[in-house]
Each structure stands twice: as C-alpha cells, then as structure tokens.
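One structure is given here, and the rest of the page talks about it.
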Amino acid sequence: MLKILFSKLKESLISVLPVTTIVLIIMPFLDFSAQEILTFAIAAIFLILGIGLFNLGADMAMTPMGGHVGTGLTKSKKLKILLPICFVMGLLITVAEPDLSVLAEQVSAVMSSTLLIATVGVGVGLFLVLAVLKIVFHKNLSALLMFFYLMVFAICAMLFENGKGSFFPLSFDSGGVTTGPVTVPFIMALGFGISSTIGGRDANENSFGLIALCSIGPMVAVMVLSLLSDGGEISGLGEYETVGESLSEFGKIILHNLGSVALALGLIVVFFLILQFAVLKLPKVKLIQIGIGIVYTFVGLVMFLVAVEVGFMPIGFKLGQQIAQFSQPLLAVFGFFIGMVVVLAEPAVHVLNKQVEEVTGGGVKKLEMLIALSIAVGISICLSIIRMLCHFSLLYYLIPGYLISLGLSFFVPKIYTAIAFDSGGVASGPLTSSFILPLVVGACVSIGGDILTEAFGVVAMVAMTPLITIQVLGFKAVMSAKVRNKLQLKRILSADDEQIIYFK
C-alpha cells in the first residue's frame with residue numbers, strides 16, 4: 001500500500017510542480033508579500049498531498065463502486081431498477097463534487113449556492129439516465145450530442161429573449177465543472193460496467209460518452225433555473241478574500257470543508273451500502289478495500305479544498321489583477337502557458353487517461369492524450385482572456401466551436417468522438433474553477449469589465465477546445481491508416497508484378 005501511495009504522490013508532484021514553479025517565479029516581481037508567497041508554497045504542498053491521496057482513493061473506492069453498481073444492476077436485467085438508481089447516484093456524486101462547490105461559492109451573489117448545486121445535480125442525474133439508455137440500446141453518440149446541443153442553444157436563445165443572456169456563461173461553466181475528480185471515476189466505471197455486461201461488438205466504444213452527456217445536463221438545468229429566477233445583486237461578484245483573511249479563518253475553513261466533504265461522501269456511502277445489502281452482495285474483502293479508499297478520498301479532498309481556498313483562489317485573483325495592470329498582451333500569453341500546465345494537475349484527467357488507454361488497448365496513449373489536452377486548454381484560456389479584453393460575447397466562440405466539434409464527429413471513428421467529448425468535461429476540473437477563474441475575474445475587475453458575462457465562460461472554453469483537439473487526433477489516425485494501407489497495397493502489387501516478370 002505504501003508503495004502505491006508514494007507512486008500517487010510522485011504523480012501529483014509532477015502534476016502540480018510546473019504551475020507552482022511558474023507562479024512562484026513570477027510572484028517576487030509583482031506586489032506579493034513574503035506571507036503570500038509562503039502561503040502559496042505551503043498550499044501547493046497540501047495540494048500535492050491531497051491529489052495523491054484522492055487518486056489512490058479513487059482507484060480503491062470510487063472506480064470499483066461505479067463498476068460494481070453498473071455490473072451488478074445490469075445483470076439483474078431490470079431497467080426499472082437500474083434507471084432510478086443511476087439518477088440518485090448521479091445526483092449524489094454531483095453534490096460531492098468539489099469544483100462545483102467552488103464555482104457555486106463564487107456566484108452566490110447572483111444565485112443561491114445550495115440551489116445551484118441541487119439544480120446541477122438533478123441535471124446530471126437525468127442525463128446519466130439518458131446516457132445509460134444510450135448504452136443499453138446502443139444508440140449513436142454523435143446523433144445524441146447533435147440533438148442535445150441544438151436544444152442547449154435553443155434554450156440559450158430563450159435566455160437572451162427574456163433578458164437573462166448574462167447567465168448563459170454560468171450555465172456552460174456549470175456543465176464544465178460538474179465532471180470532476182469524484183464524478184469521473186464513478187461514471188467512467190459505471191459505463192464500462194454496464195457496457196461490458198451487456199457485451200456486443202462495440203462494448204469498449206459504447207462505454208464512453210457518459211461524461212459527455214452528463215456535462216449537458218447542468219447546462220440545460222441552470223438555463224431553465226435562470227429563466228425562472230430573478231437573480232441577485234451582480235455587484236457582489238468578484239469579491240475574494242485575501243490570503244491574510246483566509247489565514248485568520250483557517251480553522252473555520254477546515255471545519256467547513258470537513259463537514260461538507262463528510263456529508264457529500266456520506267450520502268454516497270449510505271446509498272451504496274443499501275445497494276450492497278439489496279442487490280450487489282459483494283464479499284467482505286472488497287468492502288474493506290472500498291472503505292479504506294473512501295477514507296483516502298475524504299482526506300485527499302479536504303486537503304485539496306483547504307489548499308485551494310486558502311492559497312490558490314486569493315493568489316489567482318491577485319495575480320490576474322496585477323498582470324492585467326502591468327500588460328494586457330502579457331496576460332493572454334501567461335494564460336496560454338498556465339493553461340498548458342494547469343491541466344496536468346487535474347486529478348480527473350489522469351483517471352480518464354488511464355481508463356482510455358486500458359479500454360482502447362493502448363490504441364490511445366496516455367501521453368498523446370495529455371499533450372493534446374494541455375495544448376487545447378492553453379489555447380482556450382488564451383482565447384478567453386482575449387475575449388474579456390476585447391469585450392465580446394462568448395457565443396462567438398461557442399457556436400463555431402461546437403459546430404466544428406459536432407461536424408468532426410461524422411468523419412472520425414466513433415470512439416474518438418466519445419473520448420473527445422468526455423475529455424472536454426474532464427479538462428475543466430477543480431483547478432480551473434479555483435485558480436484560472438479567479439485569475440480571469442481578477443483581471444476583469446482590474447480593467448473594469450462585466451464579470452458575469454466576460455470573466456465567466458472560461459470553464460466553458462476549457463471544456464470545449466479538447467473536443468476539437470482530440471477529434472483532430474482521430475482524423476489524423478484515420479488518414480495515417482489510409483496512407484499505410486495504400487503503401488502496403490502498392491508493395492503487394494509491386495511484388496506480384498515482379499513475380500509475373502520473373503515467370504515470363
């Protein structure tokens with residue numbers, strides 16, 4: 001166990017070190033105190049420990065739980081039982097998602113954080129049911145994505161007609177943050193468990209796409225909520241505590257996160273135990289392993305959230321303010337490079353990459369996926385900052401971006417489309433909402449922009465660009481295969497010609 005733990009800590013160190021190093025190098029050249037620099041460095045250590053412990057917990061608990069639920073319920077061949085349970089599990093794991101909590105706190109001035117989390121949970125639950133039906137009945141993912149994204153943009157048009165257009169960046173951000181470190185291992189394993197039990201020629205391919213569909217649910221749900229609500233005071237947005245204020249409330253922050261994580265994971269555990277006694281009947285050894293994994297997940301998430309709240313959010317906000325004041329073009333360049341390294345620290349990215357390599361039998365390499373995601377996220381954050389500086393609508397990015405993404409889905413192997421849309425939800429994890437978003441908000445405050453319409457939307461951009469990048473990889477793979485086949489055919493024909501000449 002210790003060997004595995006050290007391996008996970010080594011992985012998290014390699015992930016977090018680049019972004020930490022870049023920020024620590026820049027901070028002395030800006031107006032940061034020694035206390036702020038030291039706090040950020042200590043927070044980075046907590047982040048490394050938190051991600052390492054969480055990743056171990058995900059391997060031991062969240063992934064097996066999802067797999068056992070998917071396999072056990074599918075074997076019962078009772079769809080009426082499978083679908084309601086999937087809805088409840090989708091709701092519960094969303095409530096436990098740390099990056100959703102981080103986003104909800106940042107927009108509490110315009111929308112109740114509890115109401116937002118509950119709404120997003122319902123959206124995930126409903127679309128998880130649709131995703132399971134897609135697996136059971138072997139429906140085409142590209143067609144479903146086309147239909148639901150058209151529906152999303154139709155509801156978006158209704159928002160603008162009703163004077164609620166400022167809420168649509170938040171709606172797309174909600175879809176991006178939902179699929180994070182708690183949700184991804186569970187949903188990926190649930191999909192694989194169901195598809196492998198059902199079987200069929202496309203079992204591996206059919207297991208992907210759940211995250212892609214579950215990312216759409218929150219967009220629809222939050223847009224509908226925005227249409228029905230009056231909203232709050234916009235002036236309350238963009239107010240972040242300083243490092244000094246966070247340190248003075250350090251005890252409260254720890255207790256708050258202990259309580260919220262315990263409640264969220266506790267609901268999942270209780271529901272899983274009910275399924276265990278009613279349906280699953282797993283052996284005691286596996287239950288003990290899952291229990292230990294839950295403890296690692298709990299400790300890891302608490303450490304992660306405390307590090308984010310005390311060190312990363314206030315530093316990200318102040319960093320955005322100061323770089324924007326110094327040089328706006330430099331801010332866009334900084335956004336690109338920090339985006340490339342931030343995705344490395346997202347726990348869910350590593351969970352997805354590992355499962356993708358296993359399910360595709362090494363056809364999609366972890367390193368290849370990681371490089372593609374890194375470049376995509378860097379570009380998306382750079383484009384988001386340019387949009388904020390130039391004050392134009394997020395729709396100018398999203399409409400052509402999704403048209404290209406959905407168009408590519410008809411020209412690449414289906415498995416690449418499923419992986420691409422899953423990757424989009426995964427890339428926009430806790431660090432995007434807790435460090436990148438505060439950084440962009442800080443810059444927006446500095447230049448006097450509209451926070452709700454111009455700063456928010458960065459998570460949506462991070463979720464969108466991998467859709468294009470990964471599918472381009474798939475298109476390249478198809479073209480390369482065609483070239484190889486042509487060359488091989490030429491060699492065979494040439495050999496046949498030589499044999500004919502020889503016999504003549």
Side-chain angles (χ1 to χ4, degrees), residues 9 12 16 35-36 38-58 61-62 91-109 111-118 120-121 177-178 180-183 236-273 291-318 345 347 429-435 437-438:
L9 290 174
S12 62
V16 177
Q35 183 192 49
E36 288 172 322
L38 182 62
T39 301
F40 182 79
I42 294 171
I45 294 170
F46 271 81
L47 197 71
I48 291 165
L49 293 171
I51 291 174
L53 289 169
F54 168 80
N55 283 340
L56 179 59
M62 303 308 295
L91 175 63
L92 293 179
I93 59 174
T94 303
V95 171
E97 195 57 67
D99 42 347
L100 176 60
S101 301
V102 171
L103 178 70
E105 287 298 321
Q106 292 179 77
V107 296
S108 57
M111 189 176 289
S112 164
S113 56
T114 304
L115 180 60
L116 178 62
I117 291 171
V120 170
V177 301
T178 302
V182 173
T183 314
L237 281 174
E239 295 177 0
Y240 288 81
E241 289 187 339
T242 63
V243 167
E245 290 169 341
S246 296
L247 288 173
S248 66
E249 298 179 353
F250 188 69
K252 288 183 181 178
I253 290 171
I254 291 177
L255 288 174
H256 171 73
N257 285 306
L258 281 170
S260 60
V261 174
L263 177 62
L265 288 179
L267 290 172
I268 295 173
V269 170
V270 169
F271 193 71
F272 180 77
L273 288 175
I292 294 170
I294 289 290
V295 173
Y296 280 124
T297 304
F298 173 78
V299 176
L301 278 178
V302 170
M303 293 181 76
F304 184 97
L305 290 171
V306 170
V308 159
E309 198 167 339
V310 174
F312 276 71
M313 284 179 68
I315 294 299
F317 179 77
K318 189 172 180 180
L431 271 185
T432 306
S433 57
S434 63
F435 183 72
L437 181 57

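The residues of the chain are indexed from 1 along the displayed sequence. As a basis for the values below, the full set of heavy atoms in this structure was taken, side chains included, without hydrogen atoms, waters or symmetry mates.
- Between L100 and V120, the closest side-chain pair of non-hydrogen atoms falls below 4.5 Å.
- For Q35, the side chain to side chain contact (heavy atoms under 4.5 Å, CB included) partners two or more places apart in sequence, or in a different chain, are S33, T39, L247.
- Contact annotation: the side chain of F304 never approaches that of F54 to less than 4.5 Å [non-hydrogen atoms, C-beta and beyond].
- Note: L305 CG to L47 CG = 10.0 Å, rounded to the nearest 0.5 Å.
- Using the six-membered ring where Trp is involved, F312 and F435 have ring planes that are perpendicular, over 60° apart on the 30 and 60° scheme.
- In this structure, the side chains of E309 and E241 stay at 4.5 Å or more apart for every pair of heavy atoms.
- Counting heavy atoms from C-beta on, the side chains of S434 and V102 come closer than 4.5 Å.
- Side-chain contact between V306 and F250 is present, with heavy atoms from C-beta onward closer than 4.5 Å.
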#### Entry: Derivation and outcome, side chain to side chain contact (heavy atoms under 4.5 Å, CB included), residues T432 and V177
CA-CA 8 Å; T432 306; V177 301; over 6 Å; no
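- Nearest heavy atom pair, residue A307 against residue F46, reads CB-CB, 3.8 Å.
- Note that the OG atom of S12 and the CG atom of L53 stand 8.0 Å from one another [nearest 0.5 Å].
- For the pair I51 and V16, the minimum side-chain heavy-atom distance is below 4.5 Å.
- Using modelled atom types, no side-chain atom of S113 and backbone atom of A104 make a donor-acceptor pair closer than 3.5 Å.
- Between P438 and S433, the shortest heavy-atom contact is CD-O, 3.5 Å.
- Counting heavy atoms from C-beta outward, Y240 and M313 have side chains that approach closer than 4.5 Å.
- Under the rule for a side-chain hydrogen bond (donor to acceptor under 3.5 Å, both in side chains), the partners of T183 that lie at least two apart in sequence or sit in another chain are E97.
- Atom CE of M62 and atom OG1 of T297 lie 6.5 Å apart (nearest 0.5 Å).
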Extract all donor-acceptor atom pairs below 3.5 Å that involve side chains of residues 258-272 and protein atoms in other chains or at least two apart in sequence.
residue : atom : partner : partner atom : Å
S260    : OG   : H256    : O            : 3.2
S260    : OG   : N257    : O            : 3.2

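- Atom CD1 of I117 and atom CG of L103 lie 9.0 Å apart (nearest 0.5 Å).
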